[in-house]
Amino acid sequence: MRAAQLIQPRTALQIANLADPDCPPDGVVLKVLACGICRSDWHLWAGHEPDVALPQIPGHEYCGVVREVGRDVTQWRAGDRVIAPFILACGTCPDCRAGHQTICATQIIPGFTAPGAFAEQVAVARADTNLTRLPEGMDPALAAALGCRVTTAWHALTGRAALRPGEWLAIWGAGGIGLAAALIGKALGARVVVADVVPEKLDHALSLGIDAAVMATGHDPVSEIREITGGGADLAVEALGVEITTINAMKSLRKLGRMVQVGMPAGDHVTMTLPWDVVYSGQLAIYGTRGMPAWRYPSLLSLIEGGTLDLTPMIARRVALSDVSAELAAFDGPAPPGVAVITDFSR
Ligand SMILES: [Zn+2]
Ligand SMILES: [Zn+2]
């Protein structure tokens, strides 16, 4: 199969013909239809994931067609079109049984702890626990984003911080996950303001019906958001994983507000200096979140299939496998609006 391998951080991925993946007894092998290029892939490319052994095939938000089925799999057959969360949970440990698959201690993460889907084929272990059928007629490029960015935003807002209709939602960082959170927030009846440093991203968000947009540089974006929201947001999402946006997100909340850390702090941002008096005096709640348990797919898919949530404007670029290195490098700077998805694995 053709696959793109990361050999060394910050170098172009090597595209090569590799052996087809072996099918795990409890898993499937998919023919990959589409795979998103996510900021977490950039973290791996940039060398922020020292625990990941290289070479590795990145790619953790994908959809595909089942081409091979392991002997222990009971629910899937060849030809099924499926999606999976980026965290492949075991399904049997106490945390999984309690519904908390995102903290499963033995989780497998394609693209990091197993070969990922920047390839014509990917092996997906633990298929019965983690796969979900792709809704009829859903564009594979859109479905791929349901592996990481959309599902992570969905779980952050509804599984963790309990966003309610009418609340003000402030989103710091309008990349793929921030844009997904903004569109989900609107679909759930919240009022949404986004902050970013890239004017094109703000214009894009406004064109999609987001209530307000704030430039996060050059002045005081926190005061601006506090003014727009009439005293502070009810819920703030940090969607970048850096110190300044985390500080701003905390400060943009009204009293009793909630903040969700959705962006992954990495590199210099693993340790942050934060205004903890804001948490005390504002009586704030701070949530961490990562991924979504597979059992929560139906709640999100019904919103999409029912037409309440249209995520198609998220997909900005459909690219080939050979475009991956350029797309990863683009995350170094202010990346353009929307997300890039690999849909052509032949070149
Ligand atoms: Zn991701
Ligand atoms: Zn488990």
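All ligand and atom numbering here is 1-based and tracks the order in the structure. FYI, side chains are in, hydrogens and waters are out, and symmetry mates aren't considered; it's all heavy atoms of this structure. Because the structure is a prediction, the values reported are computed rather than measured.
Ring-plane geometry between Phe112 and His60 is classed as tilted, the angle between the planes lying from 30 to 60 degrees on a 0 to 90 degree scale.
Applying the side chain to side chain contact (heavy atoms under 4.5 Å, CB included) rule to Val197 yields the partners Ala216, Thr217; only residues at least two apart in sequence or on another chain are considered.
Protein-derived N/O/S atoms nearer than 2.8 Å to the Zn ion (ligand 1) total 3, waters excluded.
The angle Cys90:SG - the Zn ion (ligand 2) - Cys96:SG amounts to 110°, with values rounded to 10 degrees.
Under a hydrophobic clustering in which Ile, Leu, Val, Met, Phe, Trp and Tyr are joined whenever their side-chain heavy atoms come within less than 4.5 Å, directly or via other members, Val339 and Leu183 fall into the same cluster.
In this structure, Leu284 shares a hydrophobic cluster with Ile247, Met250, Leu253, Met259, Met272, Leu274, Trp276, Val278, Val279, Ile286, the cluster being traced through Ile, Leu, Val, Met, Phe, Trp and Tyr side chains under 4.5 angstrom apart. Cluster partners of Val242 are Leu240, Ile244, counting Ile, Leu, Val, Met, Phe, Trp and Tyr whose side-chain heavy atoms approach within less than 4.5 Å, directly or via other members.
Salt bridge absent: Arg81 and Glu136 never bring a charged side-chain N and a carboxylate O closer than 4.0 Å.
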